[in-house]
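We count ligands from 1, going down the list as the structure has it; atoms in each ligand are counted the same way.
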Amino acid sequence: MRQRPLCLSILLALAVGARAQEPDYGKVEIRTAQLAEGVYLLQGAGGNMTAAVGADGVLLVDDEFAALTDKIRAALKGLGAGERPVRYVINTHYHFDHTGGNLPLAQAGATLIAQDQLRARLLSGGTAGNGGSIAREIKPAEPGALPQVTFDHELTVHLNGEDIQARHYANAHTDGDAIVFFARAHVIAMGDIYVRYGFPFIDINGGGSIQGMIAACSDVLRSAPADAKIVPGHGELANLDELRTYLKMLEDTSAAVSAALKAGRTLAQMQQAKILGAWSERYSPPKAFVDTDAFTETLYYSLKPRVLRHGGRPQR
Ligand SMILES: [Zn+2]
């Protein structure tokens with residue numbers, strides 16, 4: 001990863017109570033890479049974007065920040081979009097580093113598409129967080145940034161000879177997540193259900209859960225073609241083997257916290273005993289946004305209601 005994802009430093013600053021820093025958008029460059037004919041990965045600051053560019057026009061999956069919209073347009077022009085505006089945007093989830101460009105793109109004519117619950121969260125605002133030490137206030141979005149087209153389970157856009165399908169995965173990174181499948185190109189844009197910066201942030205306040213993260217990754221691995229190119233929400237392009245390794249980490253860390261919950265351990269005891277220590281080196285790099293303690297906390301708050309419902313000893 002060339003640079004830390006911007007959103008993470010902002011969220012981290014908020015997590016420790018500091019004031020959010022305005023990123024220096026002027027210095028951000030949009031990198032592009034071709035994934036298949038007419039399908040590209042775009043990376044600036046914030047969440048990764050996937051673009052379909054062709055005779056019928058441009059579709060963009062996620063749109064980073066409004067301050068980068070002109071740079072994103074310039075990058076798309078370089079990929080053959082010409083002067084045509086972006087025609088469709090599909091948002092993978094409501095977080096500001098994936099939806100920040102919604103307003104300027106919609107004002108220029110784009111149709112914004114998202115899962116029902118994503119629109120509801122943009123509309124209401126709220127507090128994103130892991131149920132514990134990570135929390136961030138999110139203001140309601142401006143009306144012009146709200147998706148005009150929403151779907152419950154799935155929606156397909158037929159563009160440039162490609163079937164681009166957004167499928168809802170319930171209660172994963174948030175409760176309004178979509179994973180976007182480019183059928184012909186074998187490209188899958190996973191949003192923040194799959195990230196490569198270390199332990200993932202799960203927005204439990206926003207309806208996310210570890211169980212949903214595991215279910216979504218499992219479903220992609222079951223249904224994806226073997227040569228699928230996986231676009232994570234943050235970090236570099238991946239393949240199915242890399243996604244499989246990440247899923248195994250989610251399953252194994254989740255099992256470790258479940259077992260500790262069933263044994264009646266408190267969160268502080270789990271952190272003290274470093275029950276996720278075996279994963280720290282790989283998934284909790286120095287200055288990690290979600291370090292080992294924060295991920296233990298995330299899993300604790302995600303799993304606790306379910307484990308206790310199924311007969312674990314109550315916490316004190
Ligand atoms: Zn996110």
- Query: Are a donor atom and an acceptor atom from the side chains of D177 and H93 found within less than 3.5 Å of each other?
  - Reply: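 Absent: no donor and acceptor within the cut-off.
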- Item | Between N130 and E297: side-chain donor-acceptor atoms closer than 3.5 Å |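 Yes, because at least one side-chain N or O of N130 sits under 3.5 Å from a partner of the opposite role on E297.
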- Salt-bridge present (D175, R121; N to O < 4.0 Å):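 Yes, charged N to carboxylate O under 4.0 Å.
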- Message: Below 2.8 Å, can you find an N, O or S atom of D203 next to the Zn ion (ligand 1)?
- Response: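 Given the 2.8 Å cut-off, D203 does not count as a ligand of the Zn ion (ligand 1).
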- Message: Would you say the Zn ion (ligand 1) has H98 as a near neighbour, meaning an N/O/S atom of that residue under 2.8 Å away?
- Response: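 So H98 does not bind the Zn ion (ligand 1) by this criterion.
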- Note, V231 side chain near Y194 side chain (heavy atom, < 4.5 Å):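 Not touching, per the 4.5 Å side-chain cut-off.
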- Query: By atom name, which N, O or S atom of H95 is the nearest to the Zn ion (ligand 1)?
  - Reply: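 It is ND1 of H95.
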- Have a look at D192 and say which of its N, O or S atoms is nearest the Zn ion (ligand 1).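 D192's closest N, O or S atom to the Zn ion (ligand 1) is named OD2.
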